[in-house]
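Source: prediction; values computed, not measured.
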Amino acid sequence: MRFTKIFGLFAAGSGAVLLGSSLLGNNTANCSSDQLKAPEYPWSHKFPWQSFDHASVRRGHQVYSQVCKTCHSLNRIAYRHLVDAAYTKAEAEVLANGIDVQDGPNADGEMYDRPGLLSDYHPKPYPNDNAARAANNGALPPDLSLIIKARPGGADYVFSLLTGYCEPPAGVTVREGLHYNPYFPGGKIGMAQPLFEGYLTYDDGTPNNLSQLSKDVTTFLCWASEPELDDRRSTGIKVITFIALISIPLLYYKRAKWANIKTRKIGFK
């Protein structure tokens, strides 16, 4: 008994020491980091019972189409994915028809260009990675399909990065071709500030300030990383509700069925 008490006190003390060390270690790392931690924002799709703001998804696709696609690809999103998520089928078909897609070969064995279809994916801005690097001072612009999943902090990080460009503080030197952004690892990023207030005009008349542009394109990229999220959450809520409702009669049936067996007495002579 005494040994058990001593062992329990030792385990509790060790746990407290480890917890304190981990907290101190995290604080030290944050203080010495060359990257600001992105604050948390109240996204409309943050919790399991919430869904995407599809008006924002539509505006975000407009921002991507007019700004981001000049450098960044969106390899995993086809125009058919936009149907009922940001556009009607007719609107998505018009968008797809606005691009030229190389297809073929035809009967003569030659490749040819045709208007885009709903099944086509967003076109790449560069034919290959070498061309992309050559056009961006050696840096390779990442594909944005899964950028929210690929970066720690997700949507909070991307929004903070887009709105975080500023002049470098005293003592910080930024060489030519780089730009200062405290939310980027190292604080120096090759991408120039992509969004500015009034850079484009929304079709629905929404204010086009920097925060709104950044919020909408971030929401669109969140949707692009999980286009099926709303359906998955809706199905999950239905399944959980069904299980919760069916568990009540099942529990009653189980207790009624086993009551006689569990309460019976067996006598031996």
Side-chain angles (χ1 to χ4, degrees), residues 38-99 116-123 125 142-151 153-163 194-241:
E40 294 185 6
Y41 295 99
W43 300 100
S44 62
H45 54 276
K46 187 174 183 178
F47 298 104
W49 56 85
Q50 295 178 317
S51 64
F52 286 113
D53 179 356
H54 288 274
S56 184
V57 172
R58 180 185 178 115
R59 293 192 299 268
H61 181 260
Q62 184 179 347
V63 176
Y64 170 80
S65 299
Q66 297 187 26
V67 181
C68 308
K69 78 171 186 178
T70 57
C71 296
H72 296 275
S73 58
L74 199 66
N75 293 334
R76 295 178 178 268
I77 299 299
Y79 287 95
R80 61 182 173 82
H81 293 134
L82 300 173
V83 177
D84 295 334
Y87 302 96
T88 63
K89 183 178 180 180
E91 290 173 331
E93 286 178 341
V94 171
L95 290 175
N97 291 336
I99 65 171
L117 303 172
L118 286 178
S119 57
D120 291 318
Y121 287 77
H122 284 69
D143 177 75
L144 297 183
S145 302
L146 299 175
I147 196 68
I148 297 297
K149 297 291 187 182
R151 297 295 183 268
D156 296 329
Y157 166 76
V158 173
F159 178 83
S160 299
L161 184 73
L162 293 174
T163 58
L195 299 176
F196 298 90
E197 185 169 351
Y199 195 88
L200 56 85
T201 301
Y202 282 130
D203 297 335
D204 60 0
T206 300
N208 55 355
N209 53 60
L210 176 60
S211 295
Q212 186 67 49
L213 295 172
S214 302
K215 179 258 185 184
D216 289 336
V217 74
T218 302
T219 302
F220 169 71
L221 294 177
C222 288
W223 170 85
S225 67
E226 292 183 290
E228 77 293 341
L229 180 63
D230 284 351
D231 292 335
R232 195 171 70 240
R233 285 180 172 178
S234 177
T235 302
I237 290 175
K238 293 176 183 177
V239 171
I240 292 174
T241 303

Query - side-chain contact (heavy atoms from CB on, under 4.5 Å) between F159 and V217, intermediate numbers included - result: CA-CA 9 Å; F159 178 83; V217 74; over 6 Å; no
Query raised in the report: Can you say whether the rings of F52 and H54 are parallel (under 30°), tilted (30 to 60°) or perpendicular (over 60°)?
Result: perpendicular
Query raised in the report: With a cut-off of under 6.0 Å to the ring centre and 45° to the axis, is R151 in cation-pi contact with Y157?
Result: no
**Report entry** Identified side-chain contact (heavy atoms from CB on, under 4.5 Å) counterpart of S214 within the set V158, L195, V63
**Finding:** L195
Report task. Return yes when atom CZ of R76 has more than 12 non-hydrogen atoms of other residues, nucleotides or ligands closer than 6.0 Å, and no otherwise. Result -> no
Report summary line: On a heavy-atom basis, the closest approach of Q50 and S44 is CB-O, 3.0 Å
Requested in this report: Check the pair T206, R59 against side-chain contact (heavy atoms from CB on, under 4.5 Å), reporting the backbone distance first and the verdict last.
Outcome: CA-CA 9 Å; T206 300; R59 293 192 299 268; 3.5 Å; yes
Query raised in the report: Do you know which two heavy atoms are closest between T219 and D53, and how far apart they sit?
Result: CG2-O, 4.2 Å
Requested in this report: Answer with yes or no whether the side chains of D216 and Q212 bring together a donor and an acceptor at under 3.5 Å.
Outcome: yes
Query raised in the report: To the nearest 0.5 Å, what is the distance between CG (L82) and NE2 (H61)?
Result: 4.5 Å
**Report entry** Side-chain donor-acceptor contact under 3.5 Å, D143 with S73
**Finding:** yes
Query - Minimum-distance pair of heavy atoms, taken over all atoms of L74 and F220 - result: CD2-CZ, 3.7 Å
Query raised in the report: Is the number of heavy atoms from other residues, nucleotides or ligands under 6.0 Å of F196 CZ greater than 12?
Result: yes
Requested in this report: For W43 and D156, test the side chains for any donor-to-acceptor distance below 3.5 angstrom and give the result as yes or no.
Outcome: yes
**Report entry** Which atom of Y121 lies closest to which atom of R80, heavy atoms considered
**Finding:** OH-NH2, 3.6 Å
Query - NZ/K89: more than 12 non-hydrogen atoms of other groups inside 6.0 Å - result: no
Requested in this report: Kindly state whether the ring of Y79 and the ring of H122 have centres lying under 6.0 angstrom apart.
Outcome: yes
Query raised in the report: Taking all non-hydrogen atoms of both residues, which atom of L146 and which atom of S225 are closest, and how far apart?
Result: CD2-O, 3.9 Å
**Report entry** CD on Q62 to SG on C68, rounded to 0.5 Å
**Finding:** 11.5 Å
Query raised in the report: For atom CG of N75, is the number of surrounding heavy atoms from other residues, nucleotides or ligands below 6.0 Å larger than 12?
Result: yes
Requested in this report: Begin from the C-alpha positions of L213 and L200 and carry the test side-chain contact (heavy atoms from CB on, under 4.5 Å) through to its verdict.
Outcome: CA-CA 9 Å; L213 295 172; L200 56 85; 3.9 Å; yes
Query raised in the report: Do the non-hydrogen side-chain atoms of P125 and H72 ever get within less than 4.5 Å of each other?
Result: no
Report task. Kindly determine whether W223 and H81 satisfy side-chain contact (heavy atoms from CB on, under 4.5 Å), including the steps that lead there. Result -> CA-CA 10 Å; W223 170 85; H81 293 134; 4.0 Å; yes
